[in-house]
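The figures that follow rest on heavy atoms only: side chains count, while hydrogens, waters and symmetry mates do not. Within every chain, numbering begins at 1; the chains are lettered A, B, ... in the order of the sequence lines, protein sequences first and strands thereafter.
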There are 2 protein chains.
Amino acid sequence: METDPRWDMMNAACPTRQVLDRIADKWTMLVISALEDGTLRFSELRRQIDGITQKMLTQTLRALERDGMVDRQVWPTVPVTVRYTLTPLGHSLADAVSVIRGWAYENMDAIAAARGSYEPGTGAPPTPMATPAD
Amino acid sequence: METDPRWDMMNAACPTRQVLDRIADKWTMLVISALEDGTLRFSELRRQIDGITQKMLTQTLRALERDGMVDRQVWPTVPVTVRYTLTPLGHSLADAVSVIRGWAYENMDAIAAARGSYEPGTGAPPTPMATPAD
DNA sequence: CAGTATCCGCAAGGATACTG
DNA sequence: CAGTATCCTTGCGGATACTG
């Protein structure tokens, strides 16, 4: 009943699909991963995540804040200080993302190898001549 | 030495980052998930994945094929029959993706709740007045 | 420092028509 | 059926300038 593995992510209206769409962008997983080890300030995040712009970092952080993934703390210091921390919910997502990260690390050379030996002509089947019978 | 959890995904040039960029698009995870249970034909995939267009399905499948995730088999039947199957590498990715899917299913209501109770004004810290000492 | 505001290019991606 | 080819729109995301 619970955690039915194929609930309905294929349905565009399903909440799980919405969630997937949210994290399947260019920066979300990286921000989550960066915050996995602890609290970071805005500029620290920007330095750590290579290639991200202020706009995208702000945008991603706001979205994660709205969804209850990160907590934003503001200190009224002279130049203002803002610290971002993962919420428990955010940490649970970080765990899931780390699985993806681990997979990427484990298999990156296998992928690189597959890209090298890619032959578009080899689309013909080896032996299967029995028609699938439509 | 191996699987250093923070290898260098933050570096744009790192292979793991490339891999992440590849799977962090709108359709890859869904195609992988759809093929998790077994072989499917092109039109079956299109029907299962709500909202995907022929162009995007073809594009995603080609990319996955190049990276050694899916295997493409063509039968020279009268109307041609094409079947897509996950490779072992693809299956390992499917496992990682299913973790994300499981997380989405488990926490979708928590996210929905967070979205409801989002107050942009509550950016002030509860008590922490001790300056982080710049 | 930590943003906001604005402009803008470019590519992701949708719609449609056509083919082997 | 399983695509390819083409056109066209959307908006992601980068660059830059400015603010409290």
Side-chain angles (χ1 to χ4, degrees), chain A residues 12 17 20-31 34-35 39-66 70-85 120-121 123-125 128 131-134, chain B residues 12 17 20-31 34-35 39-66 70-85 120-121 123-125 128 131-134:
Chain A
R17 174 74 166 270
L20 181 66
D21 286 347
R22 161 115 353 204
I23 67 176
D25 65 81
K26 203 176 181 186
W27 303 111
T28 297
M29 294 206 207
L30 290 175
V31 172
L35 288 173
T39 300
L40 286 178
R41 300 173 59 173
F42 187 86
S43 47
E44 291 172 332
L45 275 168
R46 184 145 69 107
R47 265 190 300 274
Q48 278 204 23
I49 305 173
D50 187 30
I52 199 169
T53 59
Q54 312 89 319
K55 180 186 176 182
M56 283 302 106
L57 180 54
T58 300
Q59 202 168 290
T60 304
L61 285 169
R62 291 289 176 277
L64 290 173
E65 198 190 349
R66 268 191 292 105
V70 306
D71 188 29
R72 182 174 180 265
Q73 305 280 353
V74 182
W75 273 264
T77 49
V78 189
V80 70
T81 303
V82 182
R83 307 178 55 186
Y84 292 92
T85 314
T131 42
D134 183 10
Chain B
R17 174 75 166 269
L20 180 65
D21 285 348
R22 162 118 349 208
I23 67 177
D25 67 79
K26 203 176 179 185
W27 302 112
T28 297
M29 294 206 206
L30 290 175
V31 172
L35 288 173
T39 300
L40 286 178
R41 300 173 59 172
F42 186 86
S43 47
E44 291 172 331
L45 274 169
R46 182 146 70 106
R47 266 190 299 275
Q48 279 205 22
I49 305 173
D50 187 30
I52 199 170
T53 59
Q54 312 89 318
K55 181 184 176 181
M56 283 303 107
L57 180 54
T58 300
Q59 204 168 290
T60 305
L61 284 169
R62 290 289 177 277
L64 289 173
E65 198 189 350
R66 268 190 294 106
V70 306
D71 188 29
R72 180 174 181 264
Q73 304 281 355
V74 182
W75 273 263
T77 49
V78 189
V80 70
T81 303
V82 182
R83 307 178 53 184
Y84 292 93
T85 314
T131 42
D134 183 8

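- Here the closest heavy-atom approach between residue B:Asp50 and residue A:Ala12 is recorded as OD2-N, 3.1 Å.
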At a cut-off of 3.5 Å, list every protein nitrogen or oxygen paired with a nitrogen or oxygen from nucleotides 2-6 of chain D, distance to 0.1 Å.
residue : atom : partner : partner atom : Å
D:dA2   : OP1  : B:Arg41 : NE           : 3.0
D:dA2   : OP1  : B:Arg41 : NH2          : 3.4
D:dA2   : OP1  : B:Val82 : N            : 3.4
D:dA2   : OP1  : B:Val82 : O            : 3.4
D:dA2   : OP2  : B:Ser43 : N            : 3.0
D:dA2   : OP2  : B:Ser43 : OG           : 2.6
D:dG3   : OP1  : B:Arg62 : NH2          : 3.1
D:dG3   : OP1  : B:Arg72 : NE           : 3.3
D:dG3   : OP1  : B:Arg72 : NH2          : 2.5
D:dG3   : OP1  : B:Tyr84 : OH           : 3.4
D:dG3   : OP2  : B:Tyr84 : OH           : 2.4

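- Here the side chains of B:Val74 and B:Arg72 are in contact, with some heavy-atom distance below 4.5 Å.
- The side-chain contact (heavy atoms from CB on, under 4.5 Å) search around A:Arg47 returns A:Ser43, A:Glu44, not counting sequence neighbours.
- Atom C1' of nucleotide D:dC1 and atom CG of B:Leu57 are separated by 13 Å, given to the nearest angstrom.
- Distance check, rounded to the nearest 0.5 Å: CE of B:Met29 to CD1 of A:Ile23 gives 5.5 Å.
- Here the side chains of A:Leu30 and B:Leu20 are in contact, with some heavy-atom distance below 4.5 Å.
- With contacts defined as side-chain heavy-atom distances shorter than 4.5 Å, the pair A:Gln59/A:Trp27 does not qualify.
- Atom CE of B:Met56 is separated from atom C1' of D:dC8 by 13 Å (rounded to the nearest Å).
- Here C:dA12 presents its C1' atom at 14 Å from CG of A:Asp21, a figure rounded to the nearest Å.
- Residues satisfying the side-chain contact (heavy atoms from CB on, under 4.5 Å) criterion with B:Ala63, sequence neighbours excluded, are B:Arg22, B:Arg66.
- Separation of atoms CG (B:Leu40) and CZ (B:Arg46) is listed at 14.0 Å; rounding is to 0.5 Å.
- By the side chain to side chain donor-acceptor pair (under 3.5 Å) test, A:Thr39 pairs with A:Thr85, sequence neighbours left out.
- A:Ile52 places its CD1 atom 15 Å from the C1' atom of D:dA15, with the value rounded to the nearest Å.
- Near DNA chain C, meaning a heavy atom under 4.0 Å away, there are no residues from residues 23-30 of chain A.
- The closest side-chain heavy-atom distance from B:Leu45 to B:Leu61 is below 4.5 Å.
- Look at CD1 on A:Ile49: it is 13 Å from P on D:dG13, rounded to the nearest Å.
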Would you write out the dot-bracket form of DNA chain C, 5' to 3', with Watson-Crick and G-U pairs under 3.5 Å, [ ] for crossing pairs, | for pairs to other strands and . for unpaired bases?
-> ||||||||||||||||||||
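- The line from CZ of A:Arg62 to CG of A:Leu64 is 11.0 Å long, rounded to the nearest 0.5 Å.
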